[in-house]
There are 2 protein chains.
Amino acid sequence: MSVEFDQIPFEPAYRKVADAIGERILTRVLREGERLPPETELARQFGVHRSTVREALRELQSRGLLERRTGSKRMSVSRPPHERIAAGVSQALLLHDVTVREVWQALTILEPPIAGSAALARSAQDLLALDAAAAAFSARRAGAEEAVRCTTEVFRCIARATHNTVLGLAQEPLLQLLEPSLRVIIDKVPQARSRIALAHEQLRTSIHSGDESQARRWMERHIADFRRGYELAGIDLGLVLTL
Amino acid sequence: MSVEFDQIPFEPAYRKVADAIGERILTRVLREGERLPPETELARQFGVHRSTVREALRELQSRGLLERRTGSKRMSVSRPPHERIAAGVSQALLLHDVTVREVWQALTILEPPIAGSAALARSAQDLLALDAAAAAFSARRAGAEEAVRCTTEVFRCIARATHNTVLGLAQEPLLQLLEPSLRVIIDKVPQARSRIALAHEQLRTSIHSGDESQARRWMERHIADFRRGYELAGIDLGLVLTL
DNA sequence: TTTGCCGGATTGTCCGACAATGATACGAGC
DNA sequence: GCTCGTATCATTGTCGGACAATCCGGCAAA
């Protein structure tokens, strides 16, 4: 038989405090927007020193469970904003040596069904937002920077139109990772802008008319175009993404 | 014209320190496994107090950029483990009132292409792992707890077989969110286990034989079965997930 | 080679303190 | 009565220093 023992678990106080507060937030005992007691008060309640409480707060803060509303002292409970947690995912993927191909493949899988679903679930307001985003891309002949932001914004609008939070959050890290290479494509490939604008136009009309399969097909082409863009811009698909 | 001004940004020292260290990790100046200097030394270098450094370290730690190897004092650089960051995503989704339907829809979109891609990209080792996971599910007639873990493990094996980190990481939060309701299904629906075992069997053979479209089709049915399971178990798809 | 022991290094936690700045109450002026 | 400046208080950001626990590395003993 094995003489293996489990390691004896030791949790420092700052972790226990963080867990205790975090648990209350997750179980909604502390609700969004509610203000946390001051640090000294927390220290008193937990029976630890204020420094210890502060370390716990830093952890909860970085998890997005707490935030300080601009120019306010007291901390308040918040839901983790999508960009923040997506940024965490992106960082993780970067550190795990993810390649351009992997990101592109994920987009291939995810985006067409999202577009299709958006065509079915979109509200009038979603259409307005989508139109605005697409128009913003077509209007600006400005820097690649701006163009990239507009492109990803169109993706975001489409995902929002699905009214499925999970899909939006799954997509967000991909967009963040896409941005740098997309910038290169727009810079180096002359026809990129017009191809993207065309795709936007087709996506818009498909989603407006609620045509699921058409929306899906156009998104497939749009993503396929990205691959073409990588080739034209001389970006190796096997390239490991870097910051 | 607008009289809007950007708020003047004030960053506390602990954020600056965290950013400075985090930036070195992301740019690989500090490489994985490398040990960080002691807190007192960091405090000296940054010209701040040790408490300030500690607050910064807590943030990096919770982002998974730093870890303490078991029973070691010094902190070392690490890549964020998938489970940790997936847990962050799951938490965020929970707090954003995600419903069973949303998770299920995401699975519908994501899993079939993953299975298909796995059929194409799987290595011999992947097949072994998949077989083992599937066998573990079939063998154990034990508690629902264990069965759920085996089921999700099969999903993980399939995702790993794609050799695409992005897909694995995109899938992980869904599995975490799926687990509780899956437990209920296995408990309440008598035929659930055999249906799942059947699906595993079909997925295994499809992926072994490298048949992409068949793998995809079987995964589609597998996920569709979950929906049926929800209905049979009396779980409302519109239900907001809770901890 | 393993075991026992020791000193130094490092972390977890505490105490106490202080300046800067939000929050709040209050009175002055329109 | 309402806005505005001001005084007061509350709270955070940061600091200095301290101490026990424990991990690390080396060295001697078995």
Side-chain angles (χ1 to χ4, degrees), chain A residues 3-22 24-25 30 32-78, chain B residues 3 5-25 30 32-78:
Chain A
V3 232
E4 290 272 323
F5 288 97
D6 297 345
Q7 63 176 319
I8 124 138
F10 166 71
E11 264 205 331
Y14 58 80
R15 296 262 31 261
K16 290 184 194 156
V17 171
D19 281 346
I21 299 177
R24 294 247 181 144
I25 296 176
L30 289 170
E32 190 194 353
E34 198 162 340
R35 285 197 310 179
L36 218 58
E39 294 169 353
T40 44
E41 171 61 15
L42 289 172
R44 194 191 59 72
Q45 289 183 25
F46 284 110
V48 300
H49 192 261
R50 188 162 78 100
S51 316
T52 307
V53 170
R54 284 179 64 84
E55 293 186 35
L57 293 184
R58 290 299 89 76
E59 176 178 332
L60 294 167
Q61 205 173 14
S62 95
R63 286 208 270 158
L65 265 42
L66 293 179
E67 68 172 356
R68 197 182 318 284
R69 298 230 168 119
T70 45
S72 167
K73 268 194 186 298
R74 300 273 287 278
M75 203 95 76
S76 57
V77 176
S78 72
Chain B
V3 230
F5 287 98
D6 298 345
Q7 64 176 317
I8 126 136
F10 166 71
E11 266 204 330
Y14 58 81
R15 295 262 30 259
K16 290 184 193 155
V17 171
D19 280 347
I21 299 177
E23 196 257 341
R24 294 245 181 145
I25 296 176
L30 290 170
E32 189 194 353
E34 198 162 338
R35 284 198 309 179
L36 217 58
E39 295 169 353
T40 45
E41 171 62 13
L42 288 173
R44 196 192 57 73
Q45 288 183 26
F46 284 109
V48 299
H49 193 261
R50 187 162 79 99
S51 315
T52 307
V53 169
R54 283 178 65 83
E55 293 186 35
L57 294 184
R58 290 298 89 78
E59 176 177 333
L60 295 166
Q61 204 173 15
S62 94
R63 286 207 272 161
L65 264 43
L66 294 179
E67 68 172 357
R68 197 181 318 284
R69 298 226 168 122
T70 46
S72 169
K73 270 193 183 301
R74 301 273 286 277
M75 202 94 78
S76 56
V77 176
S78 72

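A note on names: the letters A, B, ... follow the listed sequences, proteins ahead of strands, and every chain is numbered from 1.
By the 4.5 Å heavy-atom criterion applied to side chains, A:L66 and A:I25 are counted as neighbours.
Comparing A:P12 and A:K73 by the nucleotide of DNA chain C whose heavy atom lies nearest to each, the residue mapping closer to the 5' end is A:P12. The 5' end of DNA chain D is approached more closely, in terms of each residue's nearest nucleotide, by A:L57 than by the other of A:L57 and B:V48. When each of B:S51 and B:P38 is assigned the nucleotide of DNA chain C with its nearest heavy atom, B:P38 is the one assigned upstream, toward the 5' end.
For D:dC24, neither phosphate oxygen OP1 nor OP2 lies less than 4.0 angstrom from any side-chain nitrogen or oxygen of B:R69. Contact check, B:T40 against C:dT10: no side-chain N or O comes under 4.0 Å of OP1 or OP2.
Atoms CD (A:Q61) and P (D:dT12) sit 11 Å apart, rounded to a whole Å. At whole-Å resolution of the value, CZ in A:R15 and P in C:dT13 are 11 Å apart. In this structure, A:M75 atom CE and D:dT11 atom P are separated by 14 Å, rounded to whole Å. The interatomic distance linking A:R44 (CZ) with C:dC14 (P) rounds to 15 Å, in whole Å. B:Y14 places its OH atom 15 Å from the C1' atom of D:dC15, with the value rounded to the nearest Å. Rounded to whole Å, atom P of C:dG12 lies 13 Å from atom CG of B:L42. Look at CZ on B:R58: it is 12 Å from C1' on C:dT13, rounded to the nearest Å. The distance between atom CD of A:E55 and atom P of C:dT13, rounded to the nearest whole Å, is 7 Å.
A salt bridge does not link B:K16 with B:E11: every distance from a Lys NZ or Arg NE/NH1/NH2 to an Asp or Glu carboxylate oxygen is 4.0 Å or more. Ionic pairing of A:E41 and A:R44 is present here: one or more N-O contacts between side-chain nitrogen and carboxylate oxygen are shorter than 4.0 angstrom.
Heavy-atom neighbours of A:R15 CZ from other residues, nucleotides or ligands within 6.0 Å: above the threshold of 12. Enclosure of atom CZ in A:R24 is not indicated, since only 12 or fewer non-hydrogen atoms of other residues, nucleotides or ligands lie within 6.0 angstrom.
Taking the side chain of A:R74 as heavy atoms from C-beta on, and the options C:dT11, D:dT14, D:dT12, the nearest nucleotide is D:dT12. For B:R54, whose side chain is taken as the heavy atoms from C-beta onward, the closest listed nucleotide among C:dA23, C:dG12, D:dG13 is C:dG12. Out of C:dA23, D:dC15, C:dT13, the shortest distance to the side chain of A:A13 is found at C:dT13. Nearest nucleotide to the B:E39 side chain, out of D:dG16, C:dT13, C:dT11: C:dT11.
Between the side chain of B:R50 and the base of C:dT13 there is at least one donor-acceptor pair of N/O atoms closer than 3.5 Å.
B:R35 comes within contact range of no nucleotide atom at all, as no heavy-atom separation falls under 4.0 Å.
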